[in-house]
Amino acid sequence: MRDLLSSLNPPQREAVLHGDGPLLVLAGAGSGKTRVLTHRIAHLIAERGVPPWGILAITFTNKAAGEMRERIAELVGPAAREIWASTFHSACVRILRRDADAAGFDPRFVIYDGDDQLRLMRACMADEEVDPKRVAPRAVLTRISDAKNRLLDPDGFAAESSSFGDEIILRLYRRYADRLRAAGAMDFDDLLMHTVRLLEGDAEVRERYQRRFSHVLVDEYQDTNHAQYRLVRALAEPQRNVCAVGDDDQGIYSWRGADVRNILDFERDYPDTHVVALEQNYRSTGTILRAANAVVALNRGRRPKELWTDRGDGEPIRIDACRDEHEEARLVVSEVDRALADGTSLSEIAVFYRTNAQSRAIEDQLVRSRVAYAVVGGPRFYERSEVRDLIAYLRVVANPNDEIALGRMLGAPKRGIGPGCIAKLTEFARGHEMAPAEAIAQAEMVSGLTQAQRQALAATASLLAALGQAVAAGLSLDRVIDMTLEGSGLRAALLAEGTMEAQGRLENLEELVNVAAEYQEHSDDPSLAGFLEEIALQSDADLVDQGSGQVTLMTVHNAKGLEFDVVLMTGMEEGVFPHMRSDTPESLEEERRLCYVGMTRARRRLILTHAETRAMHGGRDYKLPSRFLSEIPRDAVARPAGAPVRAAYASSGPSSYRPRGGGSSAPPKAPALLEAGDTVLHATFGEGVVTGVESRGQLVRVRFSNDGTERRLMAGAAPMRKVV
DNA sequence: ATTCAACGCTTTTTT
DNA sequence: AGCGTTGAAT
């Protein structure tokens with residue numbers, strides 16, 4: 001243990017050795033916070049006699065939890081297995097299943113993910129006769145999620161809400177909550193909310209957990225929401241041995257309820273807090289740090305801090321302009337080649353983007369260039385519709401009350417059963433007080449069904465019965481899934497389609513068989529329910545597999561906590577990054593933090609690219625360089641001589657800096673002088689005709705053919721160009 | 001009543 | 001581009 005402490009710098013050691021009472025570790029990017037967490041836990045166990053099962057360590061992903069357990073095991077041996085290291089959500093599931101009685105739930109509850117939530121909300125809106133075109137189901141779910149994060153049940157929401165429009169939300173919230181309960185399901189927010197309610201409302205349960213967990217440690221504390229905050233409080237009392245680790249500059253989840261104030265106000269919430277700041281960075285070059293510091297320093301409402309390193313400046317940051325997303329993708333490939341030539345391995349290269357949709361152009365080019373890559377996030381394996389179709393059968397077997405899964409199951413493959421038929425079925429079930437899935441076996445009793453439908457339902461009923469028996473008899477999961485694939489007709493339907501796409505989908509389903517087999521071999525809960533739960537709580541970040549010889553593509557959000565030798569941040573354009581929906585000062589600051597997170601992932605080389613035009617939602621938009629680019633100190637950036645980084649909103653005229661090797665692309669054009677009669681193309685207004693010129697050519701009047709309006713625009717600044 | 005094809009509309013990030 | 005809804009055909 002002694003030489004382990006000697007591997008820590010003074011503030012790290014201070015955090016590890018801190019005795020009882022609240023501890024706040026402000027850990028800048030790359031400052032070794034995981035090291036501090038693992039060593040502190042190891043220290044608690046080995047030196048201070050804390051039993052491993054008395055430690056609750058909350059991490060952001062399941063993968064991080066597993067890695068933490070492994071690293072602690074290296075320090076203190078197998079005792080580390082007894083530590084509760086998990087995500088907030090996993091910990092809540094564990095508590096809720098264990099104490100389901102006290103919480104008032106069936107311990108076999110299932111977990112609804114985003115897609116299930118949306119389907120359920122649509123059904124609720126149908127119940128309540130709310131037009132989904134007038135009120136977006138997603139928006140309703142966001143409001144409900146907000147309420148749950150603030151621990152408001154429908155009644156609490158009613159008490160809080162004042163505005164007239166909230167009445168609809170309230171009605172839908174009630175309906176949604178009722179239907180979740182009827183389905184024996186919880187959504188992600190329920191897991192937190194119900195756990196907090198249980199702990200705060202039931203002294204016996206609360207004190208039991210408080211006695212058990214003498215020490216609570218929370219990673220990524222800046223991304224906790226109110227419910228999580230209350231959960232930590234409830235568990236940490238009365239000893240308040242709580243250690244929060246985080247970085248206010250890396251808070252990027254406020255849109256899902258995270259509240260940076262949780263970390264900013266930690267000292268107020270726990271008055272005798274000991275604060276340790278880790279500002280020495282062991283990851284990036286000085287230049288990268290200087291650039292990232294400069295960008296994030298423009299935010300208000302942060303604790304002032306500056307990362308530093310003793311490792312030297314390294315190479316300058318590069319900012320490259322590209323004509324469009326295809327050229328950007330080619331640039332990515334050439335940079336991958338260049339890095340490989342430097343001796344960097346593929347798995348040490350990452351490509352980031354703001355939104356998942358941007359991966360497509362890059363993937364195309366990587367495929368064409370035969371560069372091995374892996375995409376993190378986006379359409380996850382378990383989110384593919386064919387996989388969900390198959391899983392729906394399993395979910396109905398596991399929980400006959402799951403109407404959402406039932407609806408999905410009956411829709412795939414197509415067998416003449418549509419929404420009308422399903423509605424009759426569920427209504428029948430409700431009328432006879434049976435689980436929706438049981439009604440399938442009683443299809444002959446349901447009125448208004450066609451003969452073909454009765455037959456299809458009878459076949460489904462016997463499949464479900466067979467699957468249920470197979471599960472009860474302990475048949476292996478992969479065999480059960482294979483039975484489902486066969487018996488449902490999904491395999492036959494996909495084979496019959498005969499397209500490449502159908503072939504691919506079938507392969508995904510076959511893969512699910514393998515996944516299940518694998519799961520059953522390695523899990524300590526090899527049941528069907530356990531499998532379904534693992535699927536529901538798995539995050540994209542859990543699937544990052546660094547070190548298998550592939551370039552990693554992912555959103556900047558998914559990059560949190562990772563690091564790579566070479567990082568390419570693409571799509572550095574106004575409207576893309578910062579995203580156009582980030583129009584409030586607060587959300588703009590969050591975008592800036594996101595940019596900071598992305599930049600600080602890079603160890604050695606950081607390349608930022610932007611395109612002048614980009615295909616978006618059907619059309620092609622002109623894009624200005626991101627303001628974040630102009631926030632990087634000029635002397636940290638390498639670019640062709642004499643070409644200044646233009647501030648956002650300045651002329652979007654011909655690019656002054658071109659991608660290396662891209663010199664063969666179009667030569668710089670002189671800025672086109674517009675005159676009356678010219679046709680122009682504007683990024684947002686579309687095509688138009690110049691009707692007049694003012695102020696010696698600086699202002700032009702343009703009549704746009706889309707809507708017939710005439711606008712006065714700054715000739716140099718408007719995202720607009722002359723078309724020939 | 002279901003399914004399929006065409007149309008119009010909206011655009012993030014995710015446990 | 002992708003989705004969901006609408007309208008027409010089966």
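Each chain gets a letter, A, B and so on, in the order the sequences are listed, and its residues count up from 1.
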Without decimals, in angstroms, what is the distance between [X] [atom1] and [N] [atom2]?
| X | N | atom1 | atom2 | answer |
| --- | --- | --- | --- | --- |
| A:Leu410 | B:dA1 | CG | C1' | 15 Å |
| A:Ile144 | B:dT15 | CD1 | P | 20 Å |
| A:Asp116 | B:dT15 | CG | C1' | 14 Å |
| A:Leu141 | B:dT14 | CG | C1' | 14 Å |
| A:Asp115 | B:dT15 | CG | C1' | 15 Å |
| A:Met554 | B:dT14 | CE | P | 11 Å |
| A:Asn225 | B:dT14 | CG | P | 17 Å |
| A:Asp187 | B:dT14 | CG | P | 18 Å |

task = Determine, using ring centers only, whether A:His557 and A:Trp255 are less than 6.0 Å apart.
result = yes
Go through the structure and list residues passing salt bridge (charged side-chain N to carboxylate O under 4.0 Å, His left out) with [X], not counting sequence neighbours.
| X | answer |
| --- | --- |
| A:Arg354 | A:Glu591 |
| A:Arg138 | none |
| A:Arg261 | A:Asp259 |
| A:Glu67 | A:Lys63 |

message = Between B:dT13 and C:dG4, how many Å separate the two C1' atoms, rounded to a whole number?
response = 23 Å
request  = For B:dT12 and C:dT5, measure between their C1' atoms and round to the nearest Å.
outcome  = 24 Å
Contacts of [X] that satisfy side chain to side chain contact (heavy atoms under 4.5 Å, CB included) - sequence neighbours left out:
| X | value |
| --- | --- |
| A:Arg197 | A:Asp153, A:Met193, A:His194 |
| A:Ala258 | A:Asp223, A:Tyr253 |
| A:Arg143 | A:Phe157, A:Asp166, A:Ile169 |

task = Heavy atoms under 4.0 Å is the rule here; annotate nucleotides 2-8 of chain C 5' to 3' with B where the base is hit, S where only the sugar-phosphate is, and - elsewhere.
result = S-SSS--
Give each protein N/O atom lying under 3.5 Å from an N/O atom of nucleotides 9-13 of chain B, with the pair distance.
from	atom 1	to	atom 2	distance (Å)
B:dT11	N3	A:His617	ND1	3.1
B:dT11	O4	A:His617	ND1	3.2
B:dT12	O4'	A:His579	NE2	3.3
B:dT12	O2	A:Arg354	NH1	2.9
B:dT12	O2	A:Arg354	NH2	2.2
B:dT13	OP1	A:Asn356	N	3.0
B:dT13	OP1	A:Asn356	OD1	3.0
B:dT13	O4'	A:Arg354	NH1	3.2
B:dT13	O2	A:Trp255	NE1	3.1
B:dT13	O2	A:Arg354	NH2	3.2
B:dT13	O2	A:His557	NE2	3.3

message = My understanding is that only residues two or more places apart in sequence, or in another chain, count here; which of them pass ring pair (Phe, Tyr, Trp, His ring centres under 6.0 Å) with A:Tyr221?
response = A:Phe266
Close side-chain approach of A:Trp84 to A:Ile58, heavy-atom, < 4.5 Å = no
Under 3.5 Å, N/O pairs linking protein and nucleotides 2-8 of chain B:
from	atom 1	to	atom 2	distance (Å)
B:dT2	OP1	A:Gly418	N	2.7
B:dT2	OP1	A:Gly418	O	3.4
B:dT2	OP1	A:Cys421	N	3.1
B:dT2	OP1	A:Gln453	NE2	3.3
B:dT2	OP2	A:Gly420	N	3.3
B:dT3	OP1	A:Gly416	N	2.9

message = Going by side chain to side chain donor-acceptor pair (under 3.5 Å), name the pairs with one or both residues in residues 402-412 of chain A, residues two or more places apart or in two chains.
response = A:Tyr112-A:Asp402, A:Asp115-A:Arg408, A:Arg179-A:Glu403, A:Asp389-A:Arg408, A:Arg395-A:Asp402
